[in-house]
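Chain letters run A, B, ... following the sequence lines, proteins first, then strands; residues in each count from 1.
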There are 2 protein chains.
Amino acid sequence: MAVTIRDVARASGVHISTVSRTFSAPHLVNPETRSRVLATAEQLGYRPNRAARALITGRTHNIGLIVADIANPFFPPLIKAAETHARRRDYHVFVADTDEDPIVELDLVQALAKQVDGILLCSPRMSDDQIEQVRREVPLVVVNRMITGLPAVVMDVGHGAREAVRHLLDLGHRHLVYLAGPRGSWTNREIRRAAGATARAAGADLTVLGPNQPVEETGAAAAEAVLRTGATAVLAYNDLMAIGLLQALQDRGVDVPGQVSVVGIDDIAYSGLVRPRLTTVANPTAAAGRTAVDMLLQQGDDGATGQVTLRTDLIIRNSTGPGPYAPAVAITAEVAAAHVKE
Amino acid sequence: MAVTIRDVARASGVHISTVSRTFSAPHLVNPETRSRVLATAEQLGYRPNRAARALITGRTHNIGLIVADIANPFFPPLIKAAETHARRRDYHVFVADTDEDPIVELDLVQALAKQVDGILLCSPRMSDDQIEQVRREVPLVVVNRMITGLPAVVMDVGHGAREAVRHLLDLGHRHLVYLAGPRGSWTNREIRRAAGATARAAGADLTVLGPNQPVEETGAAAAEAVLRTGATAVLAYNDLMAIGLLQALQDRGVDVPGQVSVVGIDDIAYSGLVRPRLTTVANPTAAAGRTAVDMLLQQGDDGATGQVTLRTDLIIRNSTGPGPYAPAVAITAEVAAAHVKE
DNA sequence: TAAGCTGTTGCAAACGTTTGCCGAATGGAG
DNA sequence: CTCCATTCGGCAAACGTTTGCAACAGCTTA
């Protein structure tokens, strides 16, 4: 049915190898012949069969993109950026969703391995060992997790968490809660460590609640527990949980940020739409997607295994306010600054 | 490098065709032989090369999923459902984003055509003619657009729009605005027609504002124009625009739903998170994704070109309230019902 | 004028599978 | 004991490409 290289060869009176070269090594064919071949190819509607090409060259011009949950608003901007960037480099992208399940994740990587030139593993939940192992089957770039010896692009969540905690301390909060993310998440460990260290250094308390699935519902469900700790400020693993918490607190008549301050992480599209607008740590997800694609495609050339860390920024909106130990002067300035940003 | 069927054959002392049959036609090989082959395959870590298989069978076991904008929260649930469903049927999914550009869309379909067994075209912006044309190159299922003779799955937005308008009329609104979506959108035409007819039948006014890009910003930007019309209720093309409008109105000190009622369409994850919670028409996007995959995969068997319409439901939350012509009794009941749903 | 280069093309093997065909072995029926 | 049917496995062609090698023509160089 489909028109092949052979049809083009016959129609333009040359050997199939000449047609092949017209597309994959144009400088090796006489300009005159080339244009003739191109013309008939165009006319016949010929398109090279990538599968056949892959079979012999070993390069599929496909990449795999594996994420924990496509519907988690953190990922779509990353997927979009990666796909667009890959396509610009003539690569197509398989997208797959593991539903936060490490077993599915492993299956998926292995199923995809033969069909792609490399895989972008986003926020993987597998063990380091498993990742090391699949790495031998297919080139990998890990996103949002740092494993020694493996190419990775991560957001500097440690920095973000420190900034967030410092912001809360500056506002006069002395008892904080970290509403933790899922077990097995590198990001979660980083945040926890950074937040804990920063709070401790300032002589403040930090209570960790979790682990939790990183969705709105668990944030809402944690409201009760948060209140019981007596803390006046909460840092959540991500915006989804922060938003869930925010609303559950309001439903209980707790004023945010009057009685409790809430900070999220990610700056998903909707964190600016809830009321109060959410103070959060912005993650450059689109840049991460592009960078990861670049790293993956370069990996073929040399064996370089760089690890790139992307800057994060605290965005102060309206879900954070003065705490019980607020130094009157400093606070008003701080709050004013926050309102300006809005 | 990679372990092939030949390695397995050698290691288990059979011909490659026997190995092949062990995987693709198990009933043709002696159980004893089969288990021996499976054992060595397992041990060697053999995985069939899908590209090679595709070359000879003509079936790639891949499908393409083309959407206008991955980052538009309407799509991720659809993508997720389609991917999961496809994988359960042993298919992998290419996802691509056209950025609402019909030219990119056409390119993409043609580039993907050879690599997939079929394509899901979601909310396409191409002309009917172009779609008809590519249809001859690759099996297609169109989502969110109805084209005669083409397999399609659409949401019954007409029904949703009618329900929404009736809800507003029941509440006592007599002057409505339809905040329109993008040019070239089939959905947009359907809503507009249904809403217009329903309003007219009840002797109410419906002013159309648009077309607009289907994003939050245009919703916000339309606030001024909406107020100028003097309308007391707005139906928006989608939740994104409705939310943008909602917030812009509140920023201007307009009470929602006290002064103006707002209804969205789609029921994206965040429409329940804004305050007031958004009354909206729920679209079964996940079901649409699954159905579309099923239709695509069945298409190979027969040439059936069904067109499936999925039910939509009005979800009454808190962004709609009594209008100027509200019959006192009916309203209180209605509003009470709305609050219960919350 | 012979030798050697350069540019262009054809030839054929190879990539990893599937599958129609054929032959060998087995076993039951007559 | 022969015949036939059935089951199993091997052989080889085919899928649509790429690519090393060789052939040839037309030059240049000595």
Side-chain angles (χ1 to χ4, degrees), chain A residues 1-38 40-41 44-62 90 110-117 137-138, chain B residues 1-38 40-41 44-62 90 92 111-117 137-138:
Chain A
M1 281 304 96
V3 29
T4 79
I5 207 175
R6 220 171 298 271
D7 302 317
V8 178
R10 199 173 312 126
S12 50
V14 297
H15 193 262
I16 60 163
S17 56
T18 302
V19 178
S20 171
R21 277 189 276 257
T22 301
F23 289 97
S24 53
H27 61 281
L28 287 183
V29 10
N30 188 314
E32 198 180 319
T33 318
R34 190 198 312 161
S35 57
R36 183 156 42 96
V37 170
L38 285 176
T40 55
L44 265 50
Y46 167 73
R47 303 227 160 213
N49 180 322
R50 282 179 175 231
R53 183 179 282 182
L55 199 53
I56 192 157
T57 62
R59 325 220 70 226
T60 61
H61 267 253
N62 293 148
D90 199 25
Q110 293 180 330
L112 241 30
K114 283 280 189 19
Q115 281 189 94
V116 300
D117 294 340
E137 299 179 35
V138 57
Chain B
M1 283 302 98
V3 29
T4 78
I5 207 175
R6 220 170 297 271
D7 302 318
V8 178
R10 200 174 310 126
S12 49
V14 298
H15 193 260
I16 59 163
S17 55
T18 303
V19 179
S20 171
R21 278 189 274 258
T22 301
F23 289 97
S24 52
H27 61 281
L28 288 183
V29 13
N30 188 314
E32 197 181 320
T33 319
R34 191 198 311 162
S35 59
R36 185 157 40 96
V37 170
L38 284 176
T40 54
L44 265 49
Y46 167 73
R47 303 229 159 209
N49 181 323
R50 283 179 175 232
R53 183 178 283 182
L55 200 52
I56 191 155
T57 62
R59 325 220 69 227
T60 61
H61 265 252
N62 293 148
D90 199 27
H92 291 152
L112 241 31
K114 282 283 189 18
Q115 280 189 95
V116 300
D117 294 341
E137 299 179 35
V138 58

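In this structure, B:R10 atom CZ and D:dG10 atom P are separated by 14 Å, rounded to whole Å. The interatomic distance linking A:Q115 (CD) with C:dC15 (P) rounds to 20 Å, in whole Å. Note: CD1 (A:I56) to P (C:dG16) measures 10 Å, nearest angstrom. Atom CG of B:N49 and atom C1' of C:dG16 are 6 Å apart (whole Å). Put simply, CZ on A:R34 is 13 Å from C1' on C:dG7, counting in whole angstrom units. Between B:L55 atom CG and D:dA13 atom P the separation is 17 Å, expressed in whole Å. Remark: P of D:dT17 and CZ of A:R53 are 8 Å apart, rounded to the nearest angstrom. For the pair A:H15 NE2 and D:dC21 P, the interatomic distance rounds to 17 Å; values are reported in whole Å.
Remark: A:A113 pairs with A:V138 by the side-chain contact (heavy atoms from CB on, under 4.5 Å) rule, at least two apart or across chains. Every ring pair (Phe, Tyr, Trp, His ring centres under 6.0 Å) that B:H61 has, sequence neighbours left out, goes to B:Y91. In terms of the side-chain contact (heavy atoms from CB on, under 4.5 Å) criterion, residue partners of A:A51 (sequence neighbours excluded) are, by chain and number, A:N49, B:A51. For the side-chain hydrogen bond (donor to acceptor under 3.5 Å, both in side chains) test, residues two or more places apart in sequence or in another chain that qualify with A:T60 are A:D117. Checked against side-chain hydrogen bond (donor to acceptor under 3.5 Å, both in side chains), A:R36 has no partners two or more places apart in sequence or in another chain.
Mapping B:I16 and A:A52 onto DNA chain D via the closest heavy atom, the residue that lands nearer the 5' end is B:I16.
The B:T18 side chain lies nearest to D:dG10 when the options are D:dG10, C:dC15, C:dT17. Listed nucleotides C:dT17, D:dT17, D:dC15 differ in distance to B:I5; the shortest reach to its side chain belongs to C:dT17. Looking at the side chain of B:V14, the nearest of the listed nucleotides D:dT17, D:dA14, D:dG10 is D:dG10.
Within the nucleic acid shown, A:R47 comes within 4.0 Å of sugar-phosphate atoms alone, with no base atom in reach, counting heavy atoms only. Residue A:S17 is classed as a base contact, given a heavy-atom separation below 4.0 Å to a base.
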Identify each donor-acceptor pair in which a side-chain atom of residues 25-34 of chain A lies under 3.5 Å from a protein atom, sequence neighbours left out, and give them as a table.
| residue | atom | partner | partner atom | Å |
| --- | --- | --- | --- | --- |
| A:N30 | OD1 | A:E32 | N | 2.8 |
| A:R34 | NE | A:P26 | O | 3.4 |
| A:R34 | NH2 | A:P26 | O | 3.3 |
| A:R34 | NH2 | A:V29 | O | 3.4 |

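Here the closest non-hydrogen pair linking A:L44 and A:V3 is O-CG1, 3.5 Å.
Using a 4.0 Å cut-off on heavy atoms, the residues of residues 20-33 of chain B that approach DNA chain D are B:R21, B:V29, B:N30, B:T33, listed by number.
A salt bridge (Lys or Arg N to Asp or Glu O under 4.0 Å) check over residues 13-31 of chain B, counting only residues at least two apart or in different chains, returns nothing.
The end-to-end axis angle of the helix from C:dT1-D:dA30 to C:dG30-D:dC1, rounded to 10 degrees and based on five pairs per end, is 50°.
Side chain of A:K114 to main chain of B:R50: no donor-acceptor pair is present (N/O by atom type, distance under 3.5 Å, no hydrogens or angles).
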